[in-house]
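This one's a predicted model, so the numbers in the text were calculated from it and none came from an experiment.
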Amino acid sequence: MSFNVFTTPTVGTTTTTAGINNATITRINCKDIYDLLERLCKSFVGARNNCRDILRHVTQYISNCPSALGSTLPYDEVSLVAKIAQHLNTTQSTSIVTASVLLTTNPENALSQSRTTLFLNLHEQLKASQLDSHQRCGLLTFLYYMADAKYSSENGHNINCGITGTIRNQNHLSYKPNASLPPNNAMQLLKPHTLHKASPISNTNVAAPHLSLVGATCASNIYNTSADVNHKISLLRHKNSASKSSCYTESESSILPANINNHITPLRSGPDMYKILEAQNNLNDDIVQNVIYAFTGIHGKYLKKDIISGKFKLEIKAKTLNVVQAGMLLRLAELGYYHDLVQSYTDSKSGRCALGLMGQGFVSALKNELTKYYGMVAMLQEQLNKQRQTEMFSYYSHTKPERLSLMKILVWSVDPLQRLQLLANIAEACQEKKGGALASTVHGFLNSGNPMVRNVAKELLLAICGPLYQMLTKWLLEGEICDPHGEFFIECLVEVGPDRLWYDKYRVRSTMLPNFVTTDLAHKILVTGKSINFLCEICQDKQPIRGRDELRHCIEENAEHIFSCVADTKLHSTIDSIYFNTSKHVLDIVMGPHKLLEHLQAMRRYLLLGQGDFIGILMENLKSELDKPAKELYSYDLSSIMDAAIRSTNAQYDDPEILNHLDVRLMSPCDGDVGWDILSLQYTLRGPLATMLEPSMSIYQILFKPLWRMKHMEFVLSSKIWKDQKCNAKPLRCMAAQLQKVLYRLHLFTSEMIHFIHQMQYYILFEVIECSWAQLQEKVQQAKALDDILNAHDEFLNGIKCGAFLDSNSGELCRTMETVYEGIIRLEVWQDKFYELCFRELTARKKYEDEVRKSEKLGKYGVTTEKKFERDQEFKIFEQTLVSYHKTLENIGGDYEKAVRCFLLALNSNNDHNLQLFGIRLDFNEYYKKRDQRLGVPLTFEHMRMSNVYFNNNKSLLGSRVSSIN
């Protein structure tokens, strides 16, 4: 009997010829090997004389594959028998046409038994010998490769020529050697360093080689041991080529020995082949089933999970796998590892999943991805189950259905593996995050250039932002925050009262602000919800805002627009529309019924001293009270005086509702304070105005104190010092000779101080306050939202603070100006004492003159020497005291001039041109400039560098220039 083996020699390991391994070769003589090979070749050719040619071909095969001896067998016995039987069936099916011709022409040569049946009977004889399973495998492997036409042609040999003795001249149909082999044939997975891989045969008309097994029984006597088959084999896929055939002639049967029937026992070919293929299929299905188990993170027969790393590793006892199968299993098990990793991020008990409602959305999205993945794995399992059910029917129907193989599953697993790897990376970056931080992390993956990454990130981001959209809708439409886990980027401070609702109760939580929500958009969202709360809670206006339905519909249908990098989407425009509508409604409420602008003007007139007549009368009426020590004053007494001042001035024509907010406030006194130091006017706000303007009231109090002090200095100079001088000039005219010099200096100093205070008052009250108020009115008319008015009002107050030398950069000016004020107070005190001295001297003189006239009337004509001497002594004391007062006045004037010169130098050295012009007006006649060389130097860089003010303000700049020069 002969059989044809058309297989493509594949990369893998070969077995030892006749079951001999390397260890055996090292222990026996080489001559025995050649004797053994010679006996084997003789059994191949029978009585023919070409044994030497066969021996040469065999030795060349061994020399070409020296590593085959002692290496691991690529197939077990059952696999080899199945391959040979399958190939015999294929060659038999391709020669149906030729066989029918032979049966009609030569009945003696008809194939009474099939080739497969003869080979299986021969194999039974081989199993009955004293050979173990490894030796039988070696023999079958050797015969399998020696009969391979592709291997022979590659190495330049035609072994079958020597065996058959002739090449058929009949026309053979083209035939592909791999047609009957499955795509996952283990021959294709062998190691490349042990067996040559032949190129495809280009000639399709090559005759099918035949190998005679007539000497198989003789060869079976070479071995002396036996064993059982202990390995299952890979799945073989059958595929018959019914369209291909070959011709048999009479010479084909001549190679069979005449006594072949005496050595072969007939067997049933169908059930035996089914058992063989069933074993192969069961092994392949078992491996595939283990792979499917690993896909869902379940242990199997071949794969076990590492407890520490969580990765799959091969089971030590799984020895039926070859190297390639093991490698493919490990590669496929990687999908199960990433499945377990993603699944761990969905388990709340693992401590690795995201937090909060948005975290639950993220976990839900991961679970949906895993559900889709489970669906694909279930399809694999269903395909495997159907494959097992149709296995029996496919064998008897001679059909070869598509089967699951490791290579097919490996190709299928590429996309799921990439998706699970991406999900694992995103989940790892998002672990223990919540709210906007979670959304920002996932949004970062949208910048990837991979479309698959962007699509997955977008799906996850939509799932994450579901709770965010609900919170955003509720905040924009109802002004409520439903955020139990602190995920929303708008935060509500419960401990803050309604009076601070607009400024402090709500704020943006920067840590929860998603990176796709800009700062400007977050501010609009904050103001919109805050305005709704302001209208409902403070203004008691619960009228719905326009655009509610449009916003709700837009968020439901265009939620992904919020991820846009440019704020030109429909969602952004809808949010802007809601913001402007809400702000305009709030603006109409506060500007209409609540008279915001009228209240701002009232605070300017009374707290910033814009109502001049009222302030003058108030100071005049309060003078007697404010001169008292601070601890002796009571606010209700001062309030009645203020009401009288209102009724005496144009303030009486103001709206009574506005005047009801005005009151007097006494600050906490310190030791030595008088009423002027602790008095302050207070404007009390109520309702919505208190919520909006309450933070600004402290600034008004800060501004009121220096303005009140400046007005007090103007009142002292004009209503006290200058008035006393004019009133006392006539009574003291008789003492003009003694008081002329002192009064002259007093009048000069008074004029200087009045000029300074008038210019200071003009600059602050007009150039600073009035000009800033005009700008505020203009911005109020252009305002579109309440925040525009409040921001303009803040700029108004900050401008006044800077102009009144109360900002952080005007510390030197403020201290110098306070020194000037102290000079005015010293002059007031000095003048009071001076006029007291003068009037005491004037009284003494009048008394002396009265005594002289009285004595004249009595006829005494004069006074005694003692009285005259006493009067002369008093006059001398007066003159001496007058000199000391003169010196004191000069000291006061000198200190004042020094303070003014320092103030002028600070003004001229300032970068603000308005302050420089103010300095020019203070020294319009260059009086101080002539007395201070620093003021006489032009304001060049050298002068500014030498001045202390400029040097202190620009120390860092000069230092950097010096270091750069060095």
Side-chain angles (χ1 to χ4, degrees), residues 612-613 615-624 626-627 674 676 709-762 820-853 871-897 899-900 922-925 927-928 931:
D613 58 341
I615 298 299
I617 297 298
L618 180 64
M619 285 188 172
E620 187 69 29
N621 295 341
L622 291 175
K623 180 180 181 303
S624 59
L626 297 180
D627 288 336
V674 294
W676 296 100
R709 184 163 177 77
M710 180 183 65
K711 198 71 176 178
H712 178 217
M713 296 299 105
E714 190 265 345
F715 176 78
V716 168
L717 288 172
S718 59
S719 300
K720 183 69 170 46
I721 297 178
W722 182 83
K723 184 178 180 180
D724 289 348
Q725 291 177 6
K726 295 303 180 181
C727 294
N728 296 330
K730 186 175 181 180
L732 297 177
R733 187 177 301 172
C734 60
M735 300 175 60
Q738 294 82 15
L739 302 178
Q740 183 178 1
K741 293 182 179 180
V742 178
L743 292 177
Y744 175 75
R745 299 298 296 174
L746 176 61
H747 293 161
L748 287 179
F749 293 147
T750 303
S751 300
E752 292 181 23
M753 293 179 180
I754 290 175
H755 170 72
F756 180 87
I757 290 300
H758 283 176
Q759 292 297 326
M760 179 70 68
Q761 191 173 2
Y762 170 82
V820 173
Y821 292 161
E822 290 177 358
I824 296 174
I825 298 298
R826 289 174 61 190
L827 181 62
E828 179 192 11
V829 175
W830 180 91
Q831 180 174 283
D832 290 340
K833 294 180 179 180
F834 172 73
Y835 280 117
E836 183 182 356
L837 174 64
C838 292
F839 279 103
R840 190 170 57 246
E841 176 64 21
L842 180 61
T843 302
R845 288 186 180 186
K846 287 183 177 182
K847 184 180 179 180
Y848 180 76
E849 291 176 356
D850 290 340
E851 289 180 355
V852 171
R853 285 194 297 270
R871 179 74 207 107
D872 293 339
Q873 292 295 326
E874 290 178 355
F875 182 74
K876 288 182 180 179
I877 295 173
F878 169 73
E879 288 182 344
Q880 294 176 358
T881 305
L882 189 62
V883 172
S884 64
Y885 269 77
H886 189 193
K887 292 181 180 179
T888 303
L889 178 62
E890 292 294 338
N891 292 334
I892 294 174
D895 294 340
Y896 170 80
E897 290 185 1
V900 172
L922 287 176
D923 192 19
F924 68 98
N925 57 356
Y927 171 80
Y928 299 102
R931 286 164 173 76

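Going from atom NZ of Lys623 over to atom NE2 of His712 covers 8.0 Å, rounded to the nearest 0.5 Å.
Taking both residues in full, the closest heavy atoms of Met619 and Phe715 are given as SD-CB, 3.8 Å, listed atom of the first, atom of the second, then distance. Nearest heavy atom pair, residue Thr750 against residue Leu827, reads OG1-CD2, 3.9 Å. Shortest non-hydrogen contact noted between Met753 and Gly823 is CE-O, 3.7 Å. Between Leu922 and Tyr928, the shortest heavy-atom distance links the atoms O-CE1, 4.4 Å.
Side chain of Asp613 to main chain of Ile617: no donor-acceptor pair is present (N/O by atom type, distance under 3.5 Å, no hydrogens or angles). For Arg733 (side chain) and Ala729 (main-chain N/O), no donor-acceptor pair under 3.5 Å exists by modelled atom type.
Counting non-hydrogen atoms of other residues, nucleotides and ligands closer than 6.0 Å to CD of Gln873 gives a total above 12. Counting non-hydrogen atoms of other residues, nucleotides and ligands closer than 6.0 Å to CH2 of Trp830 gives a total above 12.
Applying the salt bridge (Lys or Arg N to Asp or Glu O under 4.0 Å) test to pairs two or more places apart or on separate chains, those with a residue in residues 718-729 are Lys720-Asp724, Lys720-Asp832.
For the side-chain hydrogen bond (donor to acceptor under 3.5 Å, both in side chains) test with Arg826, the passing option among Thr888, Asp895, Asn891 is Asp895; the others fail.
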Could you list the donor-acceptor pairs under 3.5 angstrom formed between side-chain atoms of residues 837-846 and any protein atom two or more places apart in sequence or on another chain?
| residue | atom | partner | partner atom | Å |
| --- | --- | --- | --- | --- |
| Glu841 | OE2 | Arg845 | NE | 3.2 |
| Glu841 | OE2 | Arg871 | NH2 | 2.3 |
| Thr843 | OG1 | Phe839 | O | 2.6 |

